[in-house]
Amino acid sequence: MNIAVIFAGGVGTRMRTKDKPKQFLMVHGKPIIVHTIEHFQYHKEIDGIIVVCVKEWIPYMEEMKYRYRLNKIKAIVPGGKTGQMSIYNGLVSASKEFGEKNVVLIHDGVRPLINEQLITDNILSVKQYGAAITVTKSKETIILVDENNKVCDVPSREHSRKAQAPQSFWLDEILEVQNQAIKDGERNAIDSCSLMKKYGKKLNVVLGPDENIKITTPEDFYIFRALYDARENQQLM
């Protein structure tokens with residue numbers, strides 16, 4: 001089976017919203033997270049969805065599940081104190097609902113411009129290579145700095161990539177790494193691919209579209225709305 005764990009456990013202070021987390025902001029009558037989930041809901045290879053949600057907003061998410069007929073959602077679970085622990089909660093729920101011998105796609109709830117092909121490519125990469133880290137090619141030079149803000153390396157742009165989501169794995173393998181990390185006192189890894197790399201797992205990349213942005217700031221929100229409008233207009237032409 002192929003399972004999506006949609007992570008929407010954060011509050012998002014950089015968005016500067018007054019009354020709701022960024023994943024529930026409305027665009028064309030739907031919350032951002034619903035736009036995201038629908039890509040997985042309507043993908044023929046996705047068998048089930050777990051949503052990790054801000055605890056206080058779980059009743060609202062349950063309402064959205066019913067309103068938009070998101071029947072692939074099998075559980076909505078509360079987030080943890082960190083992003084890593086929120087994802088862990090989702091992975092544990094996925095294991096309970098579906099078993100560990102499955103492919104899991106870990107995706108940001110505020111990354112709604114994912115497309116069908118990228119989901120397909122992630123699933124195929126896991127089955128062929130054991131992992132799929134969605135990336136885009138870097139259009140600008142990446143500079144690495146030290147703790148004193150001094151340049152210590154300038155990697156080749158040709159080999160530089162920006163990690164995005166989904167980040168996809170065999171569920172039993174990412175759970176094994178998560179459990180070991182927690183045992184070792186690591187509860188705040190920046191993302192799943194960093195954690196897998198730390199524990200010596202081989203990772204394969206999948207090239208994704210540049211528009212697969214994460215909505216973190218007000219500027220991102222306006223970009224998403226503009227790109228969404230452009231896609232809708234293309235359908236009408």
Side-chain angles (χ1 to χ4, degrees), residues 3-43 46-98 104-114 119 134 164-168 171 174-175 178 182 187-192 195 212-225 227-228:
I3 314 304
V5 171
I6 310 297
F7 163 55
V11 176
T13 55
R14 282 177 289 179
M15 184 61 78
R16 303 193 298 273
T17 54
K18 294 180 180 179
D19 59 348
K20 63 175 64 175
K22 58 189 176 182
Q23 56 268 32
F24 298 115
L25 294 177
M26 304 294 284
V27 175
H28 290 285
K30 290 181 188 177
I32 289 171
I33 192 169
V34 171
H35 287 283
T36 302
I37 292 171
E38 284 183 334
H39 290 289
F40 295 90
Q41 170 71 33
Y42 299 129
H43 194 288
I46 295 296
D47 300 293
I49 300 168
I50 303 293
V51 178
V52 184
C53 183
V54 180
K55 184 177 180 180
E56 294 75 16
W57 285 79
I58 288 178
Y60 180 78
M61 191 65 239
E62 292 281 4
E63 182 185 336
M64 295 302 100
K65 172 186 172 181
Y66 174 78
R67 179 181 299 178
Y68 295 101
R69 295 174 174 81
L70 304 174
N71 61 356
K72 285 187 181 179
I73 296 178
K74 301 306 178 185
I76 301 172
V77 299
K81 292 183 178 180
T82 66
Q84 178 190 336
M85 296 310 297
S86 292
I87 291 171
Y88 178 72
N89 289 353
L91 295 173
V92 170
S93 178
S95 176
K96 290 178 180 178
E97 293 287 339
F98 305 104
V104 61
L105 291 78
I106 303 169
H107 192 64
D108 300 308
V110 288
R111 213 181 274 271
L113 288 168
I114 188 174
I119 294 172
T134 302
Q164 296 188 333
Q167 296 185 2
S168 307
L171 178 54
I174 181 63
L175 261 179
Q178 282 272 14
I182 293 168
R187 290 178 169 82
N188 197 24
I190 192 167
D191 60 12
S192 297
L195 204 58
N212 183 31
I213 61 171
K214 183 178 180 181
I215 300 175
T216 304
T217 66
E219 291 77 14
D220 298 329
F221 178 81
Y222 299 135
I223 290 170
F224 165 54
R225 196 164 62 182
L227 288 171
Y228 183 90

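Only heavy atoms go into these numbers, but all of them, side chains included; no hydrogens, no water, no symmetry mates.
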Would a 4.5 Å heavy-atom cut-off, applied to side chains only, mark Gln178 and Gln84 as touching? yes
For the pair Arg225 (side chain) and Val27 (backbone), establish whether a donor and an acceptor sit closer than 3.5 Å, ignoring hydrogens and angles. no
Does a sphere of radius 6.0 Å around OH in Tyr42 hold more than 12 heavy atoms from other residues, nucleotides or ligands, not counting ones at 6.0 Å or beyond? yes
Starting at CG of Asn212, measure out to CG of Asp108 and round the result to the nearest 0.5 Å. 8.5 Å
List in chain and number order the residues that pass side-chain hydrogen bond (donor to acceptor under 3.5 Å, both in side chains) with Arg67, two or more places apart in sequence or in another chain; answer none if no residue qualifies. Glu63
Using atom types as modelled and distance alone, determine if a side-chain donor or acceptor of Lys65 lies under 3.5 Å from a backbone N or O of Ile73. yes
How long is the span from the NE2 atom in His107 to the CD1 atom in Ile114, to the nearest 0.5 Å? 4.0 Å
All side-chain hydrogen bond (donor to acceptor under 3.5 Å, both in side chains) counterparts of His43, not counting sequence neighbours: Thr120
Has the side chain of Gln23 got a donor or acceptor atom that lies under 3.5 Å from a matching backbone atom of Ala8? yes
Distance in Å, Gln167 CD paired with Phe7 CZ, rounded so as to fall on 0.5 Å steps: 11.5 Å
Got a second to check how far Ile215's CD1 is from Ile32's CD1, nearest 0.5 Å? 4.0 Å
Judged by atom type as modelled, is there a donor-acceptor pair below 3.5 Å linking the side chain of Ser86 to the main-chain atoms of Gly79? no
Can you establish whether the number of heavy atoms outside Ile182 located under 6.0 Å from its atom CD1 is more than 12? yes
Below 4.5 Å, heavy atoms only, C-beta onward: do Phe98 and Ile50 meet side chain to side chain? yes
Can any side-chain N or O of Lys72 pair as donor or acceptor with the backbone N or O of Ile46 at less than 3.5 Å? yes
NZ on Lys214 to OG1 on Thr36, rounded to 0.5 Å: 11.5 Å
Heavy-atom distance under 4.5 Å between the side chains of His35 and Phe224, does that happen here? yes
Donor + acceptor pair across side chains of Glu219, Thr217 (<3.5 Å): yes
Check whether any side-chain heavy atom of Val51 lies under 4.5 Å from a side-chain heavy atom of Ile37, and answer yes or no. yes
Between CD of Gln164 and CG of Asp191, what distance do you get to the nearest 0.5 Å? 12.0 Å
